[in-house]
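Numbers here simply count residues along the sequence, with the first being 1.
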Amino acid sequence: MTSTAQVRSDGPDAPAVRHQHLRHVVFIAAAAAMGGFLFGYDSSVINGAVEGIRGRFEVGSGALAQVIAAALIGAAIGAATAGRLADRLGRIRVMQIAAVLFTLSAIGSMLPFALWDLAFWRTLGGVAIGMASVIAPAYIAEVAPAEYRGRLASFQQAAIVLGIAVSQLVNWGVLNLADGEQRGHLLGVEAWQLMLGIEVVPAVLYGLLTLRIPESPRHLVAQGRTAEAKAVLAGVEPEGTDLDARIAEIDERMRGERKPNLRDLLGGRFGLLPIVWVGVGLSIFQQLVGINVIFYYSASLWQSVGIDPGSSFFYSFTTSIINIIGTVIAMLLVDRIGRKPLALIGSAGMALSLGTAAWAFSYKTGTGENITLPDTQGTVALVAAHSFVLFFALSWGVVVWVMLGEIFPNRIRAAALGVAAGAQWVANWLITVTFPSLSEWNLSGAYVIYTAFAVLSIPFILKWVPETKGRALEEMG
């Protein structure tokens, strides 16, 4: 029997229908990825506030690092709990919870009365980041048609890097309005407080967008709401798809499954299932190359090697633009050349860039506020940092999020994603909290460590990471 969708796709209006259908799918993915925008914005906006917080609360590098890294502790908690909440409450409801937490965190971070108070609000925002880091790639992978899934899943990373860039642009604009002083006063608060508070705008927008997108068809089928699931699939699957067969396929899979928990992830030689370790490895390597040092500390980093504050904020913004360019390249290539080749290209490029930066930073001279790099090494360091961000963005930045939404079997996807994303935030916290001390000890040595992890990621990809290009989620097993 010919389905309605099939008749419609053969008619004279088929091109217009297909265009409208694709536009609908893109809107859904983009709305879900707004959580990624806030993920990037919240993670990076603190970069512009570091020196202001240091001056306001008169804290040293160790305590300051703990405040900056507080969001990452919250992110690990949010990532670990989001999968279970999503299975119980639905993907959309978890997005809405994250939107509320982002909003509260922005307001609280703008108006702290003590250092511990600021750390609390940053931790709350971190919980929202962790939730967004899990739910967006899972939701997009479950809603997107297989032939578009890689590109649509990469919306998450595109949104993250856009959020990073916008936060740096906002910080730069606020700093200029405050005459270059992070503690200059604007609208009744210090400049760094305003930087953190402006996040309330995209947080509210995220909440409103979640009211316009459908629930995941897989979650709807799991809840027995097959009519709603069919309606969602009609809007996202290609014209001509047998919707009843798709519902039956999802339902058949679901019937043989139960809601995943951490026990379902056990069974391998080293405790977890091998595929879960692969996901954890992808997450950890993505962080141990030191990418978030650039986005959390770049303004302070460039100031530490003799660059003036105004220029350091400008260079933080330019690295964000490079990040966007690399992400666009990855979106164009991820479904064409595959996930593994892209990751290998990125690993090689990152290792070369990080090694070059380590060499340049080894020429740092002076102490305190009188630190400089020779002109040649300063230029090389800037180019190497931008090159590192480019290679990360066109590879690991996108590939990891795409693969975390794809590599796990349906029966464990939500729980495994939670564990992998939780591991990512723990690794992120480790890098973030250790960098100030490492840079004071030996800035070049810190970059040698990051270089080593970029090199080690190459054999990891070659030996253990599976290629998921073009495979349906139901084939993962």
Side-chain angles (χ1 to χ4, degrees), residues 32-46 66-106 108-109 119-141 153 156-157 159-161 163-164 167 199 202-203 206-207 210 260-262 265 276 279-280 282-284 286-288 291-292 295-296 397 400-401 404-405 408 413-433:
M34 187 67 189
F37 178 92
L38 279 156
F39 169 175
Y41 192 103
D42 193 277
S43 297
S44 185
V45 70
I46 194 71
Q66 293 293 341
V67 172
I68 294 170
L72 304 176
I73 298 298
I77 295 170
T81 57
R84 295 299 301 275
L85 285 175
D87 285 338
R88 179 172 297 180
L89 304 177
R91 280 58 167 155
I92 300 300
R93 186 66 67 199
V94 172
M95 292 183 200
Q96 291 167 348
I97 292 171
V100 171
L101 295 180
F102 275 125
T103 302
L104 293 175
S105 172
S109 297
F120 170 78
W121 293 113
R122 291 291 299 158
T123 302
L124 192 67
V127 174
I129 291 174
M131 288 182 168
S133 73
V134 170
I135 203 61
Y139 173 83
I140 294 171
Q156 166 79 347
Q157 182 63 18
I160 292 172
V161 299
I164 291 170
S167 74
E199 186 183 348
Y206 179 39
T210 63
N261 56 50
L262 293 180
L265 307 184
V276 179
V280 169
L282 285 168
S283 291
I284 290 177
Q286 189 194 52
Q287 296 304 315
L288 294 186
I291 186 62
N292 282 313
F295 297 122
Y296 297 159
V400 169
W401 290 111
L404 289 182
F408 304 118
R413 179 171 295 113
L417 257 170
V419 170
Q424 183 172 132
W425 291 116
V426 171
N428 193 339
W429 173 84
L430 180 64
I431 291 296
T432 302
V433 80

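- When the side chain to side chain contact (heavy atoms under 4.5 Å, CB included) test is applied to Ala159, the partners found at least two apart in sequence or on another chain are Ala33, Phe37.
- Under the rule for a side chain to side chain donor-acceptor pair (under 3.5 Å), the partners of Gln287 that lie at least two apart in sequence or sit in another chain are Asn292, Asn428.
- For the side chain to side chain contact (heavy atoms under 4.5 Å, CB included) test, residues two or more places apart in sequence or in another chain that qualify with Thr210 are Ile92, Met95, Gln96, Tyr206.
- In this structure, the separation between CD1 on Ile46 and CZ on Arg122 is 4.5 Å, given to the nearest 0.5 Å.
- Listed by chain and number, the residues in a side chain to side chain contact (heavy atoms under 4.5 Å, CB included) with Ser105 are Asp42, Ser109 (sequence neighbours excluded).
- Every residue meeting the side chain to side chain contact (heavy atoms under 4.5 Å, CB included) condition with Leu124, not counting sequence neighbours, appears here in chain and number order: Leu101, Leu104, Trp121.
- Summarising the geometry, atom CG belonging to Leu89 is positioned 11.0 Å from atom CZ belonging to Arg84; distances are rounded to the nearest 0.5 Å.
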What verdict does the side-chain contact (heavy atoms from CB on, under 4.5 Å) test give for Leu288 and Ile431, after you've listed the backbone C-alpha separation in whole Å, the side-chain angles of each residue and the deciding distance to 0.1 Å?
CA-CA 7 Å; Leu288 294 186; Ile431 291 296; 3.9 Å; yes
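- The backbone N or O of Ala423 lies less than 3.5 Å from no partner atom in the side chain of Ser283, so there is not a single donor-acceptor pair.
- Here the CG atom belonging to Leu72 is positioned 11.5 Å from the CD1 atom belonging to Ile77, to the nearest 0.5 angstrom.
- The closest donor-acceptor contact from the side chain of Ser44 to the backbone of Gly40 lies at 3.5 Å or more, if one exists at all.
- Nearest heavy-atom pair, Met131 versus Ala82, reported as atom, atom and distance to 0.1 Å: CA-CB, 3.8 Å.
- Among pairs with a residue in residues 414-429, none fulfils salt bridge (charged side-chain N to carboxylate O under 4.0 Å, His left out), at least two apart in sequence or across chains.
- Annotation: the span from Ser43 atom OG to Ile68 atom CD1 amounts to 12.0 Å, rounded to 0.5 Å.
- Residues Ala99 and Ala203 share a closest heavy-atom pair of CB-O, 3.9 Å.
- For the pair Ala76 and Val426, the tightest heavy-atom approach, listed with the atom from each and the gap, is CB-CG2, 4.3 Å.
- Phe408 and Ala420 make their closest contact through CZ-CB, 4.4 Å (heavy atoms, listed as atom of the first residue, atom of the second, distance).
- When all heavy atoms of Ala119 and Ala70 are compared, the pair lying nearest together is O-CB, 3.8 Å.
- For the atom pair Ile164 CD1 and Phe39 CZ, the distance stands at 7.5 Å (nearest 0.5 Å).
- If you take CG on Leu38 and OG on Ser133, they are separated by 12.5 Å, rounding to the nearest 0.5 Å.
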